[in-house]
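Okay, structure first, notes after.
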Amino acid sequence: MRKESFDYKVLELVKKIPEGRVATYGGIAGALDTKAYRAVGQALKRNKNPVRVPCHRVICSDGKIGGYCGKGIKNVRMKYSLLMKEGIEIEQGRVDLKKFIHRF
DNA sequence: TCTTTACTCAAGG
DNA sequence: CCTTGAGTAAAGA
């Protein structure tokens, strides 16, 4: 995978998400002029680059986390923790999208 | 070429 | 609340 690649673009976009904000998979897809919501998640999963790319800031359009690093609930929990740490409020397993969504 | 996928929306139960 | 089904596009085998 190199630059110009779809997933590379996704990563670049995710890196641009400021702290205290989140983005949705759909939003990222829209920013890339595509409707491939799934491909966005795919790119993150394959790369799964928690250092360079803050994957935890990318969530579902419902405010749900969706998934994180493939496995069950542990990773998701960590993701929630990270989000809360950045100032994002979480209610009953959901992020308040209305307040914290970041639009590109 | 076919399958899988961290998605999303709409509809039905 | 849940499950399907359709729509979509990239990576992997």
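Here is the naming used below: chain letters follow the sequence lines, and residue numbers restart at 1 for every chain. Hydrogens, waters and symmetry mates are skipped; everything else that's a heavy atom, side chains included, is used.
- Distance CD1 (Ile28(A)) to P (dT8(B)): 10 Å, rounded to an integer number of Å.
- If you measure from atom CZ of Phe6(A) to atom C1' of dA6(B), you get 13 Å, rounded to the nearest angstrom.
- Residues Val40(A) and Tyr37(A) do not share a hydrophobic cluster, defined by chaining ILVMFWY side chains whose heavy atoms lie under 4.5 Å apart.
- Put simply, CG on Asp33(A) is 12 Å from P on dA10(C), counting in whole angstrom units.
- Side chain of Lys79(A) to main chain of Val58(A): a donor-acceptor pair is present (N/O by atom type, distance under 3.5 Å, no hydrogens or angles).
- Asn75(A) contributes a side-chain N or O that, together with a main-chain N or O of Tyr68(A), makes up a donor-acceptor pair within less than 3.5 Å.
- Stem analysis of DNA chain C (Watson-Crick or G-U pairs, both distances under 3.5 Å, runs of at least three) returns B:1-5 with C:9-13, B:7-13 with C:1-7.
- Comparing Ala39(A) and Lys64(A) along DNA chain C, the residue whose closest nucleotide (by nearest heavy atom) sits nearer the 5' end is Lys64(A).
- Taking atom CG of residue Leu11(A) and atom C1' of nucleotide dA10(C), one finds them 13 Å apart after rounding to whole Å.
- Using a 4.5 Å heavy-atom cutoff, the side chains of Pro54(A) and Val14(A) are in contact.
- In this structure, His102(A) has its ring center under 6.0 Å from that of Phe104(A).
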Indicate every side-chain donor-acceptor pair of residues 18-34 of chain A with a distance under 3.5 Å to a residue at least two apart or in another chain.
{"residue": "Thr24(A)", "atom": "OG1", "partner": "Gly27(A)", "partner atom": "N", "Å": "2.9"}
{"residue": "Thr34(A)", "atom": "OG1", "partner": "Ala36(A)", "partner atom": "N", "Å": "3.2"}

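- Taking side-chain N and O atoms only, Lys35(A) has no distance below 4.0 Å to OP1 or OP2 of dT8(C).
- Judged by atom type and distance alone, Tyr68(A) does not reach the base of dA6(B) through any side-chain donor-acceptor pair under 3.5 Å.
- Closest to the side chain of Asp7(A), from the set dT8(B), dA6(B), dA11(C), is dA11(C).
- In this structure, the CG atom of Asn75(A) is 12 Å from the P atom of dA6(B), given to the nearest Å.
- Nucleotide dA13(C) holds its P atom 11 Å from the CZ atom of Arg46(A), rounded to whole Å.
- Distances shorter than 4.0 Å separate none of the side-chain N or O atoms of Thr24(A) from OP1 or OP2 on dA6(B).
- Considering only side-chain atoms of Ala36(A), the nucleotide from dC1(C), dA9(C), dA11(C) that sits closest is dA9(C).
- Lys15(A) NZ: more than 12 foreign heavy atoms inside a 6.0 Å radius.
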Between protein and nucleotides 9-13 of chain B, what N or O pairs are separated by less than 3.5 Å?
{"residue": "dC9(B)", "atom": "OP2", "partner": "Ser61(A)", "partner atom": "OG", "Å": "3.1"}

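- Taking atom OH of Tyr8(A) as the reference point, atom P of dA11(C) lies 15 Å away to the nearest angstrom.
- Residues meeting the salt bridge (Lys or Arg N to Asp or Glu O under 4.0 Å) test with Lys85(A), sequence neighbours left out: none.
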Can I get a per-line list of side-chain donor-acceptor pairs under 3.5 Å for residues 86-96 of chain A, giving both atom names and the distance, sequence neighbours left out?
{"residue": "Glu86(A)", "atom": "OE1", "partner": "Arg57(A)", "partner atom": "NE", "Å": "2.8"}
{"residue": "Glu86(A)", "atom": "OE2", "partner": "His56(A)", "partner atom": "NE2", "Å": "3.2"}
{"residue": "Glu86(A)", "atom": "OE2", "partner": "Arg57(A)", "partner atom": "NE", "Å": "3.3"}
{"residue": "Glu86(A)", "atom": "OE2", "partner": "Arg57(A)", "partner atom": "NH2", "Å": "3.1"}
{"residue": "Asp96(A)", "atom": "OD1", "partner": "Lys98(A)", "partner atom": "N", "Å": "3.3"}
{"residue": "Asp96(A)", "atom": "OD2", "partner": "Lys99(A)", "partner atom": "NZ", "Å": "3.2"}

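- When rounded to the nearest whole Å, the span between CG of Leu44(A) and C1' of dA11(C) equals 14 Å.
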